[in-house]
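Order of the sequence lines sets the chain letters (A, B, ...), proteins ahead of strands, with each chain counted from 1.
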2 protein chains.
Amino acid sequence: MATIYDVAKQAGVSAATVSRVVNGRASVDTALAARVQQAMRELDYRPNALARNLRRRQTSIWAVVISDIGNPFFTSMVRGIEDVAQGAGYSVVLCNSDEDAAKEARYVAAALEEQMAGVIISSAGRAANVNRLIEAGTPVVAIDREVRGAAVDTVLVDNEHGAELAVEHLIEAGYERIACIGGPRRLPTAQQRLRGYQRALRAHRRPADDELVRHGDYRQEGGYQAMAALLDEGERPDAIFAANNLMTIGALECLADRGISVPDRMGVVGFDDIPWAHLVRPSLTTVAQPTYELGRTAALLLAERIAEPSRPPSTVTLRTELKVRASSNRPSVA
Amino acid sequence: MATIYDVAKQAGVSAATVSRVVNGRASVDTALAARVQQAMRELDYRPNALARNLRRRQTSIWAVVISDIGNPFFTSMVRGIEDVAQGAGYSVVLCNSDEDAAKEARYVAAALEEQMAGVIISSAGRAANVNRLIEAGTPVVAIDREVRGAAVDTVLVDNEHGAELAVEHLIEAGYERIACIGGPRRLPTAQQRLRGYQRALRAHRRPADDELVRHGDYRQEGGYQAMAALLDEGERPDAIFAANNLMTIGALECLADRGISVPDRMGVVGFDDIPWAHLVRPSLTTVAQPTYELGRTAALLLAERIAEPSRPPSTVTLRTELKVRASSNRPSVA
DNA sequence: GTGAAAGCGCTAACAC
DNA sequence: GTGTTAGCGCTTTCAC
């Protein structure tokens, strides 16, 4: 690989001048610049990013640490990030932590060691990882999940309100014993959605026993097991609110296996939309999140923080929207 | 951030010794090593990967360039890669090319400039990108999609055979006019699956007009439009074979919108499994690919190539498997 | 506007 | 087994 010195020699200038041309900085005489360009083409010169990174003390890459690449929720979020990043001259790489705090820590360490230009993170765990980044001066934005104990720019959705809407909708549809398949207790989104569920029940004076709540792992399998537990233990609910998309799928699977018909004998509303929600029979009522916007907003915040590292952190909360489809349509009792 | 010299001073040794301790290379006296460890802890020393990368002339990161992060096919493939990478001491970052050759080229350029330790690529385009990597000496493995005109380690599935099985299954189920929703003509996987479709039809002396073939973009929307075209133009088919998972979903959506019942009036078989295939009603018959194994195998090949750069490239082909579910179950005509 | 020179933080000969 | 030394390829003062 040709170095900047090879180009300099070929063009009969100094390495500094080549550097200026490459980076479009300072003013270089037009004729000289042309000669440099020519030399670069002849030698198929590609700047060595490693050297540049060392010198500049950072890369031009953003790391996006997501907690489950298998969740379609992240798909369009990532697109939103990419579209902004590209416009701002950054590349985006994805790191999949798989809801595993150790894996997440490894990726954060890598981002730190590689001196990534910025990190957008949907954290599986506590504040330690995020604080590590902040202390090292790496610009960070938390996305989807609030990070308690860290002063960090954050983009969220109104989880509690979304959950409340979902459960109110089930109540208004005439369901009476509404259960909840909650997410991992440690995750803020799970806590907020559970609160929304409880609030709606209390507001309408419905039973809100703990017996009606089971916790899953935000995965399909967890939704299946939570649903099974709700069916097998105690008095059976006639509707469920599931706190994320994959668990909703798992719950439906369980109901199908047991031959329990939705929405007649069990109303279902899920949190998070899924691209194929209307293909599932019956089509699924969901609390949809503005995923693309979520990504876009996080990327914009990151760009702003990079430009102005000392500004106070801000939190942006985006609205969810209840999409009523067939799975919550209780046949009226004649 | 503390540097290696700070640690050396603190421990009363040379930077070289610290480096040896950090990298676990060569033998360092136990007592000295302990002092160094201690100093590292005291200073919260983190090696600067940028400097190390420059010196070593490569990072310890593998880039995985995938063509559509929204396709669940890639999910478990990536897990397969990650599991091997981690064992071999590499981090994995994902780059989403979105089936866009220009975006792919940008990521390849980034991988080159950042001197990634290796690249696993599911290429959206032609050989140029892959050859660029090979010429620069970056170890590469092609995954899922063969790259013509590049001598590169490759992991594939038996697309043609899988498609053939799918179509034969439809024939045996009693369907008569079997259409195909093919993928983008330029993609080898699409070509192979189309060939398998045609071969099965010819072998059973069924009509194989071009009128029965439409091409989509491997996205849901493309599947929807191709299905609509098949329904609206010419003689209507009674079964379809769709060349990938997202297009299958799109086709089903179209059929649902038109009120055409599956499998009675239209048999459906898709290529690529989807995690929720059995939740879609009717449950979906698919040609399943060993996605995790695909990723694992690619990662192993990459590790081997890194260890032995000059060995001749090899191609591994994994088997697909037909999973018969309800969508291809034609009611026998009494 | 351009060049000389120093150095980012690390590793790997090489000498001892 | 340990230290000295010379870069990796680039950017950026600082002179001119």
(message) Taking the basic N atoms (NZ, or NE/NH1/NH2) and the acidic carboxylate oxygens, is any pair closer than 4.0 Å for B:R219 and B:E99?
(response)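 Salt bridge absent between B:R219 and B:E99.
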
(request) Look at A:D68 together with B:R79 and state whether they make a salt bridge at an N to O cut-off of under 4.0 Å. (result)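 A salt bridge links A:D68 with B:R79.
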
(message) OP1 or OP2 of C:dG3 versus the side-chain N and O atoms of A:T17: is any pair under 4.0 Å?
(response)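 Indeed, a polar side-chain atom of A:T17 lies that close.
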
(message) Quick check on C:dT2: is either OP1 or OP2 less than 4.0 Å from any side-chain nitrogen or oxygen of A:S14?
(response)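 Negative; the distance criterion is not met.
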
(request) With the side chain of B:V13 defined as its heavy atoms from C-beta on, choose the nearest nucleotide among C:dG9, C:dT11, D:dG3. (result)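 My answer, after comparing the listed nucleotides, is D:dG3.
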
(request) For atom CZ of A:R296, decide whether the heavy atoms of other residues, nucleotides or ligands shown that lie under 6.0 angstrom number more than 12. (result)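 Atom CZ in A:R296 is not packed in, count stays at 12 or less.
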
(request) Identify, residue by residue, the members of residues 29-37 of chain A with a heavy atom below 4.0 Å from DNA chain D, and return them in order of residue number, or none. (result)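 Those residues: none at all.
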
(request) Check DNA chain D against residues 40-58 of chain A and give the residues with a non-hydrogen atom under 4.0 Å, in numerical order. (result)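 Heavy-atom contacts with DNA chain D come from A:Y45, A:P47, A:N48, A:A51, A:R52, A:R55, A:R56.
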
(message) Measuring only between side-chain heavy atoms, which start at C-beta, is B:Y107 closer than 4.5 Å to B:V64?
(response)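 Contact flag for B:Y107/B:V64 side chains = no.
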
(request) For residues A:N71 and A:Y218, determine if any side-chain heavy atom of one lies less than 4.5 Å from a side-chain heavy atom of the other. (result)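 With C-beta onward as the side chain, the pair stays apart.
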
(request) Look at all strands and tell whether A:S19 reaches a base, only sugar-phosphate, or nothing, counting heavy atoms closer than 4.0 Å. (result)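 Base contact - A:S19 has a heavy atom under 4.0 Å of at least one base atom.
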
(request) Could you pull out all residues at least two apart from B:E113 that satisfy side chain to side chain donor-acceptor pair (under 3.5 Å)? (result)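 Side chain to side chain donor-acceptor pair (under 3.5 Å) list for B:E113, sorted by chain: empty.
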
How far does [atom1] of [X] sit from [atom2] of [Y], to the nearest 0.5 angstrom?
| X | Y | atom1 | atom2 | answer |
| --- | --- | --- | --- | --- |
| B:E114 | A:T59 | CD | OG1 | 6.0 Å |
| A:D153 | A:L300 | CG | CG | 11.5 Å |
| B:L302 | B:I120 | CG | CD1 | 5.0 Å |

Could you tell me the separation between the [atom1] atom of [X] and the [atom2] atom of [N], rounded to a whole number of Å?
| X | N | atom1 | atom2 | value |
| --- | --- | --- | --- | --- |
| B:M1 | C:dC8 | CE | P | 15 Å |
| A:N23 | D:dT12 | CG | C1' | 11 Å |
| A:E113 | C:dC8 | CD | P | 20 Å |
| A:R20 | D:dT11 | CZ | P | 11 Å |
| A:E114 | C:dG9 | CD | P | 15 Å |

